[in-house]
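Residue numbers begin at 1 in each chain, while the letters A, B, ... track the order of the sequences.
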Amino acid sequence: MPPRLIAHLDMDAFYASVELLRYPDLAGEPVVIGGGRRHAPEPLPGGGFRYARLRDYAGRGVVTTASYAARAFGVHSAMGMMKAAQLAPQAVLLPTDFERYREFSRRFKAAAAAIAPRIEDRGIDEIYLDLSGLPGTAGDGGRAVAQALKAAVFEATGLRCSIGVAPNKLLAKICSDLDKPDGLTLLAADEIPTRIWPLPARKINGIGPKASERLAGFGIHRIGELAAADPAWLVETFGRSYGAWLHEAAHGRDERPVVTHSEPVSISRETTFERDLHAVRDRATLSALFTELCVKLAGDLQRKGYVARNVAIKLRFDDFRIVSRAVTLPAHTADAAEIRRAAGQCLKRVDLSRRLRLLGVRAAALLPAAEAARRAAALPPRGETLPLFDARAPAGGAESAEEAPLFEASAD
DNA sequence: TCTGGGGTCCTAGGACCC
DNA sequence: TCTGGGGTCCTAGGACCC
(Lines give C-alpha, C1' and ligand atoms only; values in the text may rest on other atoms or scores of the structure.)
Protein backbone atom coordinates (compact mmCIF):
# COMPACT_ATOMS: atom_id res chain seq x y z
CA MET A 1 0.00 0.00 0.00
CA PRO A 2 1.40 3.40 -0.96
CA PRO A 3 1.67 5.91 1.88
CA ARG A 4 -1.36 8.14 2.27
CA LEU A 5 -1.39 11.91 2.16
CA ILE A 6 -3.75 13.36 4.75
CA ALA A 7 -4.43 17.02 5.53
CA HIS A 8 -5.95 18.54 8.63
CA LEU A 9 -7.42 22.00 8.10
CA ASP A 10 -8.18 24.10 11.16
CA MET A 11 -9.74 27.56 10.96
CA ASP A 12 -7.81 30.18 12.95
CA ALA A 13 -9.72 31.52 16.01
CA PHE A 14 -12.83 30.75 13.99
CA TYR A 15 -15.66 32.50 15.86
CA ALA A 16 -13.56 35.52 16.72
CA SER A 17 -12.37 35.82 13.12
CA VAL A 18 -15.93 35.65 11.78
CA GLU A 19 -16.89 38.46 14.17
CA LEU A 20 -13.92 40.58 13.09
CA LEU A 21 -15.27 40.48 9.54
CA ARG A 22 -18.44 42.10 10.84
CA TYR A 23 -16.69 44.55 13.17
CA PRO A 24 -13.46 45.36 11.32
CA ASP A 25 -12.66 48.22 13.71
CA LEU A 26 -11.86 45.52 16.28
CA ALA A 27 -8.95 44.14 14.26
CA GLY A 28 -5.96 43.62 16.52
CA GLU A 29 -8.05 44.20 19.67
CA PRO A 30 -8.47 41.61 22.40
CA VAL A 31 -11.92 40.12 21.67
CA VAL A 32 -13.68 37.36 23.56
CA ILE A 33 -16.70 35.45 22.29
CA GLY A 34 -19.10 33.91 24.75
CA GLY A 35 -22.01 34.42 27.07
CA GLY A 36 -25.58 35.31 26.20
CA ARG A 37 -27.26 37.74 23.88
CA ARG A 38 -27.43 40.61 26.34
CA HIS A 39 -24.08 42.13 25.42
CA ALA A 40 -24.64 42.54 21.68
CA PRO A 41 -22.88 45.64 20.25
CA GLU A 42 -25.07 48.76 20.04
CA PRO A 43 -25.02 50.67 16.76
CA LEU A 44 -23.99 54.28 17.28
CA PRO A 45 -25.86 57.13 15.57
CA GLY A 46 -22.73 58.36 13.83
CA GLY A 47 -21.83 54.86 12.60
CA GLY A 48 -19.75 52.23 14.36
CA PHE A 49 -20.69 50.32 17.49
CA ARG A 50 -20.49 50.52 21.23
CA TYR A 51 -19.11 47.27 22.57
CA ALA A 52 -19.51 45.52 25.89
CA ARG A 53 -16.30 44.94 27.82
CA LEU A 54 -15.32 41.78 29.60
CA ARG A 55 -15.15 43.66 32.90
CA ASP A 56 -18.91 44.32 32.67
CA TYR A 57 -19.75 40.63 32.50
CA ALA A 58 -21.49 38.85 35.35
CA GLY A 59 -22.58 35.26 35.00
CA ARG A 60 -21.55 31.63 34.64
CA GLY A 61 -20.47 31.61 31.03
CA VAL A 62 -17.16 30.40 29.63
CA VAL A 63 -15.03 31.78 26.83
CA THR A 64 -15.95 30.13 23.55
CA THR A 65 -13.15 31.72 21.53
CA ALA A 66 -10.58 34.42 22.19
CA SER A 67 -8.90 36.49 19.47
CA TYR A 68 -5.12 36.17 19.28
CA ALA A 69 -4.78 39.59 20.93
CA ALA A 70 -6.89 38.32 23.85
CA ARG A 71 -4.87 35.10 24.05
CA ALA A 72 -1.81 37.23 24.66
CA PHE A 73 -3.37 38.03 28.05
CA GLY A 74 -3.70 34.34 28.87
CA VAL A 75 -7.38 34.08 27.95
CA HIS A 76 -8.33 30.84 26.20
CA SER A 77 -11.34 28.71 25.25
CA ALA A 78 -13.31 27.06 28.06
CA MET A 79 -11.98 29.53 30.63
CA GLY A 80 -14.64 30.97 32.94
CA MET A 81 -15.58 34.45 31.78
CA MET A 82 -15.18 35.88 35.26
CA LYS A 83 -11.62 34.63 35.33
CA ALA A 84 -10.98 35.93 31.81
CA ALA A 85 -12.30 39.31 32.93
CA GLN A 86 -9.57 39.46 35.55
CA LEU A 87 -6.89 38.79 32.97
CA ALA A 88 -8.21 41.14 30.27
CA PRO A 89 -10.94 43.42 31.67
CA GLN A 90 -10.67 45.77 28.71
CA ALA A 91 -11.28 43.02 26.15
CA VAL A 92 -14.34 43.44 23.95
CA LEU A 93 -17.07 40.93 24.69
CA LEU A 94 -19.22 39.64 21.84
CA PRO A 95 -22.12 37.17 22.02
CA THR A 96 -21.94 33.90 20.07
CA ASP A 97 -23.86 33.81 16.81
CA PHE A 98 -23.89 30.14 15.84
CA GLU A 99 -26.10 30.69 12.81
CA ARG A 100 -23.44 32.90 11.31
CA TYR A 101 -20.59 30.53 12.20
CA ARG A 102 -22.47 27.63 10.63
CA GLU A 103 -22.87 29.64 7.45
CA PHE A 104 -19.13 30.36 7.29
CA SER A 105 -18.48 26.72 8.13
CA ARG A 106 -20.54 25.61 5.14
CA ARG A 107 -18.66 28.06 2.94
CA PHE A 108 -15.14 27.01 3.88
CA LYS A 109 -16.01 23.31 3.64
CA ALA A 110 -17.54 23.77 0.20
CA ALA A 111 -14.46 25.66 -0.96
CA ALA A 112 -12.17 22.91 0.33
CA ALA A 113 -14.36 20.16 -1.14
CA ALA A 114 -14.02 21.72 -4.60
CA ILE A 115 -10.29 20.97 -4.39
CA ALA A 116 -10.21 17.77 -2.32
CA PRO A 117 -13.62 16.08 -2.21
CA ARG A 118 -12.77 13.32 0.29
CA ILE A 119 -13.53 15.31 3.47
CA GLU A 120 -14.24 14.27 7.04
CA ASP A 121 -16.23 16.74 9.11
CA ARG A 122 -14.77 17.35 12.55
CA GLY A 123 -17.14 19.92 13.88
CA ILE A 124 -17.70 23.49 12.86
CA ASP A 125 -14.13 24.66 12.25
CA GLU A 126 -12.06 21.59 11.31
CA ILE A 127 -11.87 19.00 8.57
CA TYR A 128 -9.60 16.17 7.50
CA LEU A 129 -8.96 15.75 3.79
CA ASP A 130 -7.61 12.71 2.01
CA LEU A 131 -5.19 14.08 -0.57
CA SER A 132 -3.89 10.67 -1.61
CA GLY A 133 -3.61 10.40 -5.37
CA LEU A 134 -4.91 13.90 -5.95
CA PRO A 135 -3.47 15.60 -9.06
CA GLY A 136 -0.64 17.92 -8.16
CA THR A 137 0.44 16.13 -4.98
CA ALA A 138 3.07 13.92 -6.56
CA GLY A 139 6.08 16.22 -6.64
CA ASP A 140 5.87 18.31 -3.47
CA GLY A 141 4.22 16.19 -0.79
CA GLY A 142 0.97 18.16 -1.06
CA ARG A 143 2.34 21.66 -0.52
CA ALA A 144 0.79 23.16 -3.66
CA VAL A 145 -2.61 21.61 -2.93
CA ALA A 146 -2.50 22.83 0.66
CA GLN A 147 -1.67 26.33 -0.54
CA ALA A 148 -4.55 26.12 -3.00
CA LEU A 149 -6.84 25.06 -0.13
CA LYS A 150 -5.77 28.03 1.98
CA ALA A 151 -6.34 30.41 -0.95
CA ALA A 152 -9.75 28.92 -1.72
CA VAL A 153 -10.87 29.12 1.91
CA PHE A 154 -9.77 32.75 2.09
CA GLU A 155 -11.48 33.53 -1.21
CA ALA A 156 -14.75 32.00 0.02
CA THR A 157 -14.75 33.41 3.55
CA GLY A 158 -12.09 36.07 4.05
CA LEU A 159 -10.71 33.85 6.81
CA ARG A 160 -7.32 32.25 7.39
CA CYS A 161 -6.73 28.64 8.33
CA SER A 162 -3.82 26.41 9.28
CA ILE A 163 -3.08 23.15 7.52
CA GLY A 164 -1.01 20.14 8.44
CA VAL A 165 -0.14 17.52 5.81
CA ALA A 166 1.19 14.13 6.89
CA PRO A 167 0.86 10.39 6.24
CA ASN A 168 -2.14 10.05 8.60
CA LYS A 169 -4.80 11.93 10.57
CA LEU A 170 -2.97 11.79 13.90
CA LEU A 171 0.15 13.47 12.51
CA ALA A 172 -1.77 15.89 10.27
CA LYS A 173 -3.71 17.10 13.31
CA ILE A 174 -0.54 17.69 15.29
CA CYS A 175 1.02 19.52 12.34
CA SER A 176 -1.88 21.90 11.73
CA ASP A 177 -1.28 23.24 15.23
CA LEU A 178 2.49 23.75 14.86
CA ASP A 179 2.49 26.98 12.86
CA LYS A 180 -0.75 28.76 13.82
CA PRO A 181 -2.15 31.11 12.67
CA ASP A 182 -2.10 30.98 8.87
CA GLY A 183 0.25 28.02 9.03
CA LEU A 184 1.27 25.29 6.65
CA THR A 185 3.26 22.33 7.97
CA LEU A 186 4.27 19.27 5.98
CA LEU A 187 5.64 16.22 7.68
CA ALA A 188 7.17 13.02 6.32
CA ALA A 189 7.27 9.78 8.27
CA ASP A 190 11.06 9.90 8.70
CA GLU A 191 10.79 13.27 10.50
CA ILE A 192 8.81 11.87 13.44
CA PRO A 193 11.84 11.56 15.77
CA THR A 194 13.08 15.09 15.12
CA ARG A 195 9.83 17.04 14.87
CA ILE A 196 7.17 15.04 16.78
CA TRP A 197 9.04 13.39 19.65
CA PRO A 198 10.14 16.68 21.26
CA LEU A 199 6.47 17.81 21.61
CA PRO A 200 4.46 17.46 24.84
CA ALA A 201 2.45 14.21 25.03
CA ARG A 202 -0.68 16.34 25.43
CA LYS A 203 -0.37 17.38 21.77
CA ILE A 204 -1.64 13.98 20.74
CA ASN A 205 -5.35 14.08 20.02
CA GLY A 206 -6.72 11.60 22.55
CA ILE A 207 -4.31 12.35 25.38
CA GLY A 208 -6.31 14.71 27.54
CA PRO A 209 -5.79 16.29 30.96
CA LYS A 210 -6.19 13.04 32.94
CA ALA A 211 -3.93 10.86 30.82
CA SER A 212 -1.22 13.49 30.48
CA GLU A 213 -1.31 14.03 34.24
CA ARG A 214 -0.88 10.30 34.84
CA LEU A 215 1.92 10.09 32.29
CA ALA A 216 3.66 13.02 33.94
CA GLY A 217 3.47 11.10 37.22
CA PHE A 218 5.65 8.46 35.56
CA GLY A 219 8.06 11.10 34.27
CA ILE A 220 6.67 10.94 30.74
CA HIS A 221 6.20 14.46 29.43
CA ARG A 222 7.13 14.30 25.78
CA ILE A 223 5.93 12.15 22.90
CA GLY A 224 9.42 10.74 22.49
CA GLU A 225 9.44 9.58 26.11
CA LEU A 226 6.10 7.89 25.50
CA ALA A 227 7.50 6.25 22.37
CA ALA A 228 10.41 4.90 24.41
CA ALA A 229 8.13 3.44 27.09
CA ASP A 230 7.79 -0.33 27.19
CA PRO A 231 4.55 -1.22 25.36
CA ALA A 232 3.85 -4.08 27.77
CA TRP A 233 4.12 -1.65 30.67
CA LEU A 234 1.81 0.80 28.92
CA VAL A 235 -0.79 -1.95 28.50
CA GLU A 236 -0.45 -2.98 32.15
CA THR A 237 -0.78 0.60 33.31
CA PHE A 238 -3.38 2.06 30.94
CA GLY A 239 -5.33 -0.99 29.84
CA ARG A 240 -5.15 -3.15 26.78
CA SER A 241 -6.86 -0.83 24.38
CA TYR A 242 -5.62 2.56 25.51
CA GLY A 243 -2.12 1.35 26.40
CA ALA A 244 -1.58 -0.20 22.99
CA TRP A 245 -2.95 2.91 21.32
CA LEU A 246 -0.59 5.18 23.31
CA HIS A 247 2.37 3.22 21.98
CA GLU A 248 1.15 3.37 18.38
CA ALA A 249 0.29 7.06 18.60
CA ALA A 250 3.67 7.99 20.04
CA HIS A 251 5.30 6.31 17.05
CA GLY A 252 3.07 8.29 14.73
CA ARG A 253 1.16 5.24 13.52
CA ASP A 254 -2.51 5.70 12.68
CA GLU A 255 -4.49 3.79 10.04
CA ARG A 256 -7.89 5.43 10.59
CA PRO A 257 -9.50 6.32 7.27
CA VAL A 258 -10.94 9.70 6.38
CA VAL A 259 -14.64 9.07 6.99
CA THR A 260 -16.69 11.06 4.51
CA HIS A 261 -20.13 10.18 5.86
CA SER A 262 -21.46 9.33 9.30
CA GLU A 263 -24.81 9.13 11.04
CA PRO A 264 -25.36 10.87 14.38
CA VAL A 265 -25.36 8.66 17.48
CA SER A 266 -27.23 11.03 19.75
CA ILE A 267 -28.82 14.47 19.80
CA SER A 268 -29.12 16.47 23.00
CA ARG A 269 -30.05 19.75 24.64
CA GLU A 270 -28.84 21.00 27.96
CA THR A 271 -28.84 24.22 29.91
CA THR A 272 -26.97 25.65 32.86
CA PHE A 273 -29.17 27.79 35.08
CA GLU A 274 -28.30 31.35 36.00
CA ARG A 275 -28.54 30.23 39.63
CA ASP A 276 -28.73 26.76 41.15
CA LEU A 277 -32.29 25.49 41.40
CA HIS A 278 -33.89 23.18 43.93
CA ALA A 279 -36.28 20.42 42.91
CA VAL A 280 -38.84 21.40 45.52
CA ARG A 281 -38.40 25.13 46.02
CA ASP A 282 -38.02 25.84 42.29
CA ARG A 283 -40.33 23.12 41.09
CA ALA A 284 -42.35 25.27 38.67
CA THR A 285 -39.27 26.86 37.11
CA LEU A 286 -37.50 23.53 36.72
CA SER A 287 -40.55 21.83 35.32
CA ALA A 288 -40.98 24.53 32.67
CA LEU A 289 -37.28 24.38 31.72
CA PHE A 290 -37.42 20.59 31.57
CA THR A 291 -40.40 20.68 29.21
CA GLU A 292 -38.75 23.36 27.11
CA LEU A 293 -35.64 21.20 26.68
CA CYS A 294 -37.80 18.26 25.57
CA VAL A 295 -39.70 20.42 23.10
CA LYS A 296 -36.46 21.76 21.63
CA LEU A 297 -34.97 18.28 21.45
CA ALA A 298 -38.05 16.93 19.69
CA GLY A 299 -37.78 19.86 17.27
CA ASP A 300 -34.12 19.03 16.60
CA LEU A 301 -34.99 15.40 15.91
CA GLN A 302 -37.82 16.33 13.56
CA ARG A 303 -35.80 18.96 11.74
CA LYS A 304 -32.87 16.58 11.26
CA GLY A 305 -35.16 13.69 10.33
CA TYR A 306 -34.51 11.19 13.13
CA VAL A 307 -36.52 9.23 15.65
CA ALA A 308 -35.07 7.93 18.91
CA ARG A 309 -35.65 4.84 21.02
CA ASN A 310 -33.56 5.89 23.99
CA VAL A 311 -34.12 8.97 26.13
CA ALA A 312 -31.67 10.08 28.81
CA ILE A 313 -31.42 12.95 31.23
CA LYS A 314 -28.30 14.57 32.62
CA LEU A 315 -28.12 16.50 35.86
CA ARG A 316 -25.27 18.52 37.23
CA PHE A 317 -25.50 19.31 40.91
CA ASP A 318 -24.18 22.40 42.65
CA ASP A 319 -21.08 20.40 43.62
CA PHE A 320 -20.49 19.62 39.91
CA ARG A 321 -21.30 15.98 40.31
CA ILE A 322 -22.94 14.64 37.14
CA VAL A 323 -25.66 12.02 37.11
CA SER A 324 -27.43 10.47 34.16
CA ARG A 325 -30.43 8.19 33.80
CA ALA A 326 -31.64 6.56 30.61
CA VAL A 327 -34.65 4.59 29.44
CA THR A 328 -35.24 2.57 26.28
CA LEU A 329 -38.68 2.98 24.77
CA PRO A 330 -40.83 0.28 23.15
CA ALA A 331 -40.84 2.24 19.89
CA HIS A 332 -38.93 5.08 18.23
CA THR A 333 -40.27 8.58 18.62
CA ALA A 334 -39.62 12.25 17.92
CA ASP A 335 -42.66 13.40 19.85
CA ALA A 336 -42.12 16.07 22.51
CA ALA A 337 -44.76 14.69 24.89
CA GLU A 338 -43.39 11.15 24.69
CA ILE A 339 -39.86 12.38 25.25
CA ARG A 340 -41.05 14.50 28.16
CA ARG A 341 -42.80 11.49 29.70
CA ALA A 342 -39.74 9.25 29.34
CA ALA A 343 -37.43 11.94 30.70
CA GLY A 344 -39.81 12.41 33.62
CA GLN A 345 -39.54 8.67 34.37
CA CYS A 346 -35.78 9.02 34.43
CA LEU A 347 -35.92 12.01 36.74
CA LYS A 348 -37.92 10.04 39.31
CA ARG A 349 -34.94 7.71 39.74
CA VAL A 350 -32.61 10.46 40.93
CA ASP A 351 -32.09 11.76 44.45
CA LEU A 352 -32.87 15.47 44.13
CA SER A 353 -31.95 16.71 47.56
CA ARG A 354 -29.00 18.76 46.25
CA ARG A 355 -29.51 21.85 44.17
CA LEU A 356 -29.18 21.57 40.44
CA ARG A 357 -26.88 23.56 38.22
CA LEU A 358 -27.63 21.95 34.88
CA LEU A 359 -30.36 19.93 33.27
CA GLY A 360 -30.07 18.09 29.97
CA VAL A 361 -32.08 15.72 27.79
CA ARG A 362 -30.58 13.40 25.21
CA ALA A 363 -32.07 11.24 22.47
CA ALA A 364 -30.10 8.14 21.43
CA ALA A 365 -30.58 4.86 19.54
CA LEU A 366 -31.45 7.03 16.56
CA LEU A 367 -33.03 5.89 13.34
CA PRO A 368 -33.64 8.01 10.23
CA ALA A 369 -37.34 8.88 10.29
CA ALA A 370 -37.70 7.64 6.70
CA GLU A 371 -36.32 4.24 7.69
CA ALA A 372 -38.71 4.07 10.64
CA ALA A 373 -41.63 4.89 8.33
CA ARG A 374 -40.48 2.21 5.87
CA ARG A 375 -40.40 -0.39 8.62
CA ALA A 376 -43.80 0.64 9.93
CA ALA A 377 -45.29 0.33 6.43
CA ALA A 378 -43.85 -3.18 6.09
CA LEU A 379 -45.74 -4.35 9.17
CA PRO A 380 -49.01 -6.24 8.76
CA PRO A 381 -52.23 -4.60 10.03
CA ARG A 382 -52.89 -4.83 13.72
CA GLY A 383 -54.42 -8.08 14.94
CA GLU A 384 -53.05 -10.16 12.11
CA THR A 385 -50.50 -12.81 13.02
CA LEU A 386 -46.96 -12.04 12.01
CA PRO A 387 -45.36 -14.06 9.26
CA LEU A 388 -42.49 -16.22 10.47
CA PHE A 389 -39.82 -14.27 8.62
CA ASP A 390 -40.88 -10.71 9.06
CA ALA A 391 -39.51 -7.54 7.52
CA ARG A 392 -38.84 -6.27 11.04
CA ALA A 393 -36.25 -8.95 11.67
CA PRO A 394 -32.71 -7.57 11.73
CA ALA A 395 -30.38 -8.11 8.78
CA GLY A 396 -29.63 -11.81 8.45
CA GLY A 397 -32.58 -12.53 10.70
CA ALA A 398 -34.18 -15.04 8.36
CA GLU A 399 -31.03 -17.13 8.25
CA SER A 400 -30.52 -17.21 11.98
CA ALA A 401 -34.22 -17.96 12.43
CA GLU A 402 -33.84 -21.03 10.24
CA GLU A 403 -30.86 -22.13 12.25
CA ALA A 404 -32.47 -21.40 15.57
CA PRO A 405 -33.99 -24.87 16.11
CA LEU A 406 -30.53 -26.41 15.73
CA PHE A 407 -29.11 -24.16 18.38
CA GLU A 408 -32.05 -24.88 20.64
CA ALA A 409 -31.55 -28.61 20.25
CA SER A 410 -27.87 -28.38 21.01
CA ALA A 411 -28.25 -25.88 23.83
CA ASP A 412 -27.70 -26.95 27.41
C1' DT B 1 -15.36 35.78 41.29
C1' DC B 2 -14.13 28.96 39.07
C1' DT B 3 -15.83 25.75 35.37
C1' DG B 4 -21.00 26.06 28.43
C1' DG B 5 -23.13 23.11 25.10
C1' DG B 6 -22.78 19.79 21.67
C1' DG B 7 -20.90 15.51 20.67
C1' DT B 8 -18.05 10.46 20.43
C1' DC B 9 -16.16 6.36 22.29
C1' DC B 10 -14.89 3.11 25.96
C1' DT B 11 -15.53 0.30 30.16
C1' DA B 12 -17.82 -2.30 33.57
C1' DG B 13 -21.53 -4.67 35.34
C1' DG B 14 -26.17 -6.78 35.29
C1' DA B 15 -30.12 -9.09 33.00
C1' DC B 16 -31.31 -12.47 30.07
C1' DC B 17 -30.79 -16.13 26.61
C1' DC B 18 -28.90 -20.48 24.76
C1' DT C 1 -24.72 -27.86 45.74
C1' DC C 2 -21.84 -26.14 42.54
C1' DT C 3 -20.29 -25.54 38.11
C1' DG C 4 -19.67 -23.23 32.39
C1' DG C 5 -19.19 -19.93 28.68
C1' DG C 6 -20.68 -17.07 24.96
C1' DG C 7 -23.66 -13.56 23.17
C1' DT C 8 -26.72 -9.38 23.19
C1' DC C 9 -28.87 -5.51 25.14
C1' DC C 10 -28.93 -2.07 28.36
C1' DT C 11 -27.41 1.46 31.93
C1' DA C 12 -24.12 4.61 34.25
C1' DG C 13 -20.04 6.92 34.40
C1' DG C 14 -15.93 8.94 32.59
C1' DA C 15 -12.34 10.67 29.28
C1' DC C 16 -11.90 13.30 25.52
C1' DC C 17 -12.83 16.58 21.61
C1' DC C 18 -14.55 21.02 19.28
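Annotation: cation-pi pair A:Arg107/A:Phe104 present, NZ/CZ under 6.0 Å from the ring centroid and within 45° of its normal. A cation-pi geometry, defined here as NZ or CZ lying under 6.0 Å from the six-membered ring centre and within 45° of its normal, does not hold between A:Arg122 and A:Tyr128. In this structure, A:Arg357 is not positioned above the aromatic face of A:Phe320 in the sense of NZ or CZ being under 6.0 Å from the six-membered ring centre and within 45° of the axis.
By the criterion of a centre-to-centre distance under 5.5 Å and near-parallel planes under 30°, the ring of A:Tyr242 forms no stack with the base of B:dC10.
When the side-chain nitrogen and oxygen atoms of A:Asn310 are compared with OP1 and OP2 of C:dC9, none of them lie within a distance under 4.0 Å. At C:dG13, one or more side-chain N or O atoms of A:Arg325 fall inside 4.0 Å of OP1 or OP2 (strictly under the cut-off). In terms of phosphate contacts, A:Arg309 brings a side-chain nitrogen or oxygen within less than 4.0 Å of OP1 or OP2 of C:dC10. A close approach under 4.0 Å does not occur between any side-chain nitrogen or oxygen of A:Ser266 and OP1 or OP2 of B:dG7. Look at A:Arg362 and you won't find any side-chain N or O under 4.0 angstrom from OP1 or OP2 of B:dT8. OP1 or OP2 of B:dT3 sits under 4.0 Å from a side-chain N or O of A:Arg357.
Remark: the separation of the C1' atoms in B:dG4 and C:dC16 is 16 Å, to the nearest Å.
Distance from the side chain of A:Val265 is smallest to B:dT8 among B:dT8, B:dG4, C:dC10. Counting only heavy atoms from C-beta on, A:Arg349 has its side chain closest to C:dT11 among C:dC18, C:dT11, B:dT3.
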Inset, instruction - Return one dot-bracket line describing DNA chain B 5' to 3' (Watson-Crick or G-U wobble pairs, both distances under 3.5 Å; ( ) same strand, [ ] crossing, | another strand, . none). - result: ....||||||||||||||
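A:Glu120 has its CD atom 17 Å from the P atom of B:dG7, to the nearest Å. Going from atom CG of A:Asp121 over to atom C1' of B:dT8 covers 14 Å, rounded to whole Å. In this structure, A:Arg303 places its CZ atom 13 Å from C1' of B:dG6, rounding to the nearest Å. At whole-Å resolution of the value, CG in A:Leu54 and P in B:dC2 are 15 Å apart. A:Phe317 places its CZ atom 13 Å from the P atom of C:dA12, with the value rounded to the nearest Å. Atom pair A:Phe98:CZ and B:dG5:C1' shows a separation of 7 Å (rounding to whole Å applied). For the pair A:Leu315 CG and C:dG14 P, the computed distance is 14 Å after rounding to whole Å. Between A:Leu359 atom CG and B:dG4 atom P the separation is 14 Å, expressed in whole Å.
When side chains are defined from C-beta on, A:Arg375 counts as touching A:Leu367, because their heavy atoms get closer than 4.5 Å.
Considering CG of A:Leu186 and CZ of A:Arg195, their distance stands at 8.0 Å, rounded to 0.5 Å. Atom SG in A:Cys175 sits 11.5 Å away from atom NZ in A:Lys203 (nearest 0.5 Å).
Both A:Ser77 and A:Glu263 lie close to DNA chain B; mapped to their nearest nucleotides by heavy-atom distance, the more 5′-ward contact belongs to A:Ser77.
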Pairs under 3.5 angstrom only: tabulate donor-acceptor contacts from the side chains of residues 296-303 of chain A to other protein residues two or more places apart or in another chain.
| residue | atom | partner | partner atom | Å |
| --- | --- | --- | --- | --- |
| A:Lys296 | NZ | A:Glu292 | OE2 | 3.1 |
| A:Asp300 | OD1 | A:Arg269 | NH2 | 3.0 |
| A:Asp300 | OD1 | A:Arg303 | NH2 | 2.5 |
| A:Asp300 | OD2 | A:Arg269 | NE | 2.7 |
| A:Asp300 | OD2 | A:Arg269 | NH2 | 3.4 |
| A:Gln302 | NE2 | A:Ala334 | O | 2.6 |

